[in-house]
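For reference, the structure discussed in these notes is given below.
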Amino acid sequence: MGRVLVRRAYLESADLDLEQWPYTIPAVTDLAEQGLGFTRPITFLVGENGSGKSTVVEALAEAYGLDPYGGKAGTKYATSRGKSVLGEALRLKTSLAGQNMMKGPRKSRRGFFLRAETAMGLLAALSDKPGYWSGNTDEMSHGEGFLTAFDAMLARPGFYVLDEPESALSFSSSLRLVERLHRLGRSGAQVVCATHSPVLAATPGATILEFGANGISEVAWEDLLIVEHWRRYLNDPQSVLRHLLD
Ligand SMILES: Nc1ncnc2c1ncn2[C@@H]1O[C@H](COP(=O)(O)OP(=O)(O)O)[C@@H](O)[C@H]1O
Ligand SMILES: [Mg+2]
């Protein structure tokens with residue numbers, strides 16, 4: 001069983017305007033009111049498009065000091081911009097290990113923020129730079145590039161924030177990612193991962209938080225909406241499509 005670096009994310013509620021985005025997103029309202037605790041090394045955030053997953057993972061990465069455009073902790077990738085509204089306000093309660101990592105020089109903050117939209121550019125820009133990974137990911141397929149990057153980057157204790165890392169991956173590559181995440185979680189790292197993939201969400205020992213209209217709830221894998229949707233579709237796609245296409 002691994003440990004956590006970040007125990008809790010919360011907001012100082014005094015000067016928040018709950019009428020303004022992003023606090024109008026139910027999951028973020030919930031975060032502002034209750035905070036968000038982390039007890040296990042791997043946490044998945046699932047929920048419909050627009051439910052606030054990216055807003056929250058970006059803010060977590062920023063609060064920990066990971067670059068919001070991706071890249072290793074303590075480095076800058078692409079043009080930097082200020083923190084997001086939520087990232088500015090979010091506070092983290094860290095464990096001793098997490099504190100030690102954050103207190104040190106920025107460079108010692110091991111971790112990685114893989115942002116969904118910029119992932120490909122990031123891979124191309126970083127390949128063959130010292131400290132990253134070898135092999136030019138431009139010459140690899142999208143999925144191969146990701147797996148190469150994951151192999152090199154998901155290797156040691158740190159805080160890893162991933163936004164839909166499955167987007168380029170086949171079913172079997174997704175399984176390989178599950179294996180890496182599982183290993184990482186047991187090695188003293190912490191992972192927070194937004195995903196639509198029931199394959200990733202099944203990683204053993206992970207906490208799954210569903211973002212929805214009522215805020216954030218911890219849900220067992222078999223009770224997830226994405227699992228139900230995939231089950232129903234795989235079981236009888238034509239019956240699902242009949243409703244849609246009629
Ligand atoms: N900078 C912004 N200003 C206002 N609304 C935004 C901004 N960025 C995202 N949104 C909105 O916030 C909501 C949550 O977005 P997001 O966190 O990206 O959801 P998810 O990652 O779960 O699909 C969406 O309705 C989106 O349109
Ligand atoms: Mg998103």
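Given the structure is predicted, the values throughout are model-derived calculations rather than measurements. Ligands are counted one by one from 1 in listed order, and the atoms in each one are counted from 1 as well. In what follows, every heavy atom counts, from backbone to side chain, and hydrogens, waters and symmetry copies are set aside.
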In terms of residue, atom name and distance, what is the protein heavy atom nearest to atom 23 (O) of ligand 1?
-> G50 N, 2.7 Å
Is there a donor-acceptor pair closer than 3.5 Å between any side-chain N or O of W221 and the backbone N or O of P198?
-> yes
If you measure only the distance, is there a donor-acceptor pair under 3.5 Å linking the side chains of S174 and E166?
-> no
Heteroatom test (N, O or S) for S54 near the Mg ion (ligand 2), limit 2.8 Å | yes
So, R180 side chain and R176 main chain: donor-acceptor pair closer than 3.5 Å or not?
-> yes
Say whether S51 and ligand 1 are in contact under the criterion: heavy-atom distance to a ligand atom below 4.0 Å.
-> yes
Under-4.0 Å heavy-atom contact between protein and atom 26 (C) of ligand 1 | no
Check P157 against S187 and note the closest heavy-atom contact, atom names and distance.
-> CG-O, 3.5 Å
Apply the test side-chain contact (heavy atoms from CB on, under 4.5 Å) to residues F44 and L181: give CA-CA distance (whole Å), side-chain angles for both, the deciding distance (0.1 Å), then the verdict.
-> CA-CA 11 Å; F44 289 104; L181 293 178; 4.1 Å; yes
E222 atom CD, over 12 foreign heavy atoms within 6.0 Å | yes
Distance below 4.0 Å between atom 18 (O) of ligand 1 and any protein heavy atom?
-> yes
Side chain to side chain contact (heavy atoms under 4.5 Å, CB included) partner of T195, the single match among I226, L200, D163 | L200
Would you please determine whether E48 falls within less than 4.0 Å of ligand 1 on a heavy-atom basis?
-> yes
For ligand 1, does I25 get within less than 4.0 Å through its side chain, its backbone, both, or neither, judged by non-hydrogen atoms?
-> side chain
Tell me, which protein residue and heavy-atom name are nearest atom 2 (C) of ligand 1, and how many Å apart are they?
-> W21 CH2, 3.4 Å
Counting from 1, what ligand 1 atoms have a heavy atom of N49 closer than 4.0 Å?
-> 23 (O)
Among protein heavy atoms, which sits nearest to atom 15 (O) of ligand 1, and what does the distance come to when rounded to 0.1 Å?
-> T55 OG1, 3.8 Å
